[in-house]
Amino acid sequence: MKNSEIILPDELKHINDWFWDIISKAKQDENKLRKILEKMDKDAIYDFQDLFIEAAVELRCQPFTDFTESSEDGIDDISNWVVSKGKAYYVEILDYPERIPYSVEDKTEEIIAHVADEVYFEKFGETTGLY
C-alpha cells in the first residue's frame, strides 16, 4: 500500500507523505537513511527531523503509555521505533493503542530517529536542536 493511501487523523496530516516516503525507503536501516539525507539541503534535513519528532511525541502519552514500559527512555525508544516502522504501522498503533509494544529493548538497532541530527551535524557543523 502506498503512503498516500494511508490516512492520518486530521491533526497529524502535516506529517506528510514526503516524510513517510523517506521512512519507507530507509527500511529501518540507518545507513540507507543516511544516504538519503546526505543528498538533502539543510532545511530538508531539519524538516525531516522535526516531523520525526512530532510523529513520535504523539505516542508518548496516554493511551499509548498505558501499554508500554514506564521509563522515559523506554517510551522514547518505543515511539521512535514505531515511527521508524513506517506510516502503516504508525496508523495501526494510533487506531489500536493496545498493539504498541511494551518494550523494544531488543530492537534498538531498528530505530533511525538519531540519523537526521547526525547527518545535519556532519554537513553543517551544528545540531538541529530537535530532540
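Because the structure is predicted, anything quoted here is derived from the model rather than measured.
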Value for CG (Leu12) from OH (Tyr90), rounded to nearest 0.5 Å, stands at 5.0 Å

Please answer: with hydrophobic residues joined when any side-chain heavy atoms are less than 4.5 Å apart, are Phe124 and Ile36 in the same cluster? yes

Establish whether Phe121 and Val115 are linked, either directly or via other cluster members, by ILVMFWY side-chain heavy-atom contacts under 4.5 Å. no

When rounded to the nearest 0.5 angstrom, what is the spacing between CD1 in Ile7 and CG in Asp95? 11.5 Å

Could you give the distance from OG1 (Thr68) to CD1 (Ile78), rounded to the nearest 0.5 Å? 4.5 Å

Would you check, one step at a time, whether the test side chain to side chain contact (heavy atoms under 4.5 Å, CB included) holds for Glu30 with His114? CA-CA 9 Å; Glu30 66 180 72; His114 61 282; 3.4 Å; yes

Any side-chain heavy atom of Glu54 within less than 4.5 Å of one from Asp50? yes

4.5 Å side-chain heavy-atom contact, Arg60 and Asn80: yes

Euclidean distance, Ile23 CD1 relative to Phe52 CZ, rounded to 0.5 Å: 5.0 Å

Is it true that Glu38 and Lys123 have a side-chain N and a carboxylate O under 4.0 angstrom from each other? no

Side chains of Arg34 and Glu118, heavy atoms from C-beta outward: is any pair under 4.5 Å? yes

Can we say Lys85 and Glu110 salt-bridge, meaning some charged N sits less than 4.0 Å from an Asp/Glu carboxylate O? no

Could you tell me whether the side chain of His14 reaches within less than 4.5 Å of the side chain of Leu51, counting heavy atoms only? yes

Distance, nearest 0.5 Å, that separates CD of Glu92 from CD1 of Ile100: 11.0 Å

Thr128-Asp117 side chain donor-acceptor pair, cut-off 3.5 Å: yes

Under the side chain to side chain contact (heavy atoms under 4.5 Å, CB included) criterion, do Phe64 and Leu94 qualify, and how do the steps go? CA-CA 8 Å; Phe64 309 102; Leu94 290 175; 3.9 Å; yes

Can you name the closest pair of heavy atoms from Pro97 and Phe67 and give their distance? O-CD1, 3.5 Å

Kindly determine whether Asn3 and Ser24 satisfy side chain to side chain contact (heavy atoms under 4.5 Å, CB included), including the steps that lead there. CA-CA 9 Å; Asn3 285 318; Ser24 294; 3.0 Å; yes

Does Glu105 CD have over 12 foreign heavy atoms under 6.0 Å away? no

Do the ring planes of Tyr120 and Tyr46 sit parallel (below 30°), tilted (30 to 60°) or perpendicular (above 60°)? tilted

Between Ala116 and Ile45, which heavy-atom pair has the shortest distance, and what is it? O-CG2, 3.5 Å

For the residue pair Trp18 and Phe48, does the interplanar ring angle fall in the parallel (under 30°), tilted (30 to 60°) or perpendicular (over 60°) class? perpendicular

Determine the minimum heavy-atom distance between Val82 and Pro101, stating which atoms define it. CG2-CD, 4.3 Å

Once rounded to the nearest 0.5 Å, what's the spacing between atom CG of Asp77 and atom OG of Ser84? 10.0 Å

Check ion pair Asp21-Lys87 (N to O, under 4.0 angstrom): no

Apply side chain to side chain contact (heavy atoms under 4.5 Å, CB included) to residues Ile22 and Leu33 and explain how you reach the verdict. CA-CA 7 Å; Ile22 294 168; Leu33 179 58; 3.6 Å; yes

State, with a plain yes or no, whether a side-chain heavy atom of Tyr89 is found less than 4.5 Å away from one of Trp81. yes

Shortest non-hydrogen separation from Leu59 to Thr65 and the atoms involved: O-CG2, 4.3 Å

On a heavy-atom basis, the closest approach of Trp20 and Gly86 is CZ3-C, 3.5 Å

Decide yes or no for Lys32 and Lys27: does some side-chain heavy atom of the first lie under 4.5 Å from some side-chain heavy atom of the second? yes

Search all heavy atoms of Asp17 against all heavy atoms of Ser4 and return the closest pair with its distance. OD2-CA, 3.1 Å

